[in-house]
Amino acid sequence: MRSLLWLLLAVGVVANVFVTTFSGYSGVTQALASAGTGAVFIGSGIGLWLTRPRSEGGA
């Protein structure tokens, strides 16, 4: 599960760089593509945070 979330995180970053730099999109198309890749990035980051190993000692 965590490996899939790490993969999605990396794909989200690479896709966002592609959309903003190389895709040639403009206007609404670029905004929607950037929002989609950002949602993948944020969603996988939240998933990784929720599945992180927790220490038993408590800080």
Side-chain donor-acceptor distances from residues 5-15 under 3.5 Å, at least two apart:
none

Mind listing the side-chain donor-acceptor pairs of residues 22-32 below 3.5 Å, one per line with the distance, residues two or more places apart or on another chain?
from, atom 1, to, atom 2, distance (Å)
Ser23, OG, Val19, O, 2.7
Ser23, OG, Tyr25, N, 3.2

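By the criterion of side-chain heavy atoms lying less than 4.5 angstrom apart, applied directly or through intervening Ile, Leu, Val, Met, Phe, Trp or Tyr residues, Ile42 is grouped together with Trp49 in one hydrophobic cluster.
Under the 3.5 Å distance criterion, the side-chain polar atoms of Ser44 are matched with a main-chain donor or acceptor of Phe41.
With sequence neighbours excluded, the residues that form a side-chain hydrogen bond (donor to acceptor under 3.5 Å, both in side chains) with Thr51 are Arg2.
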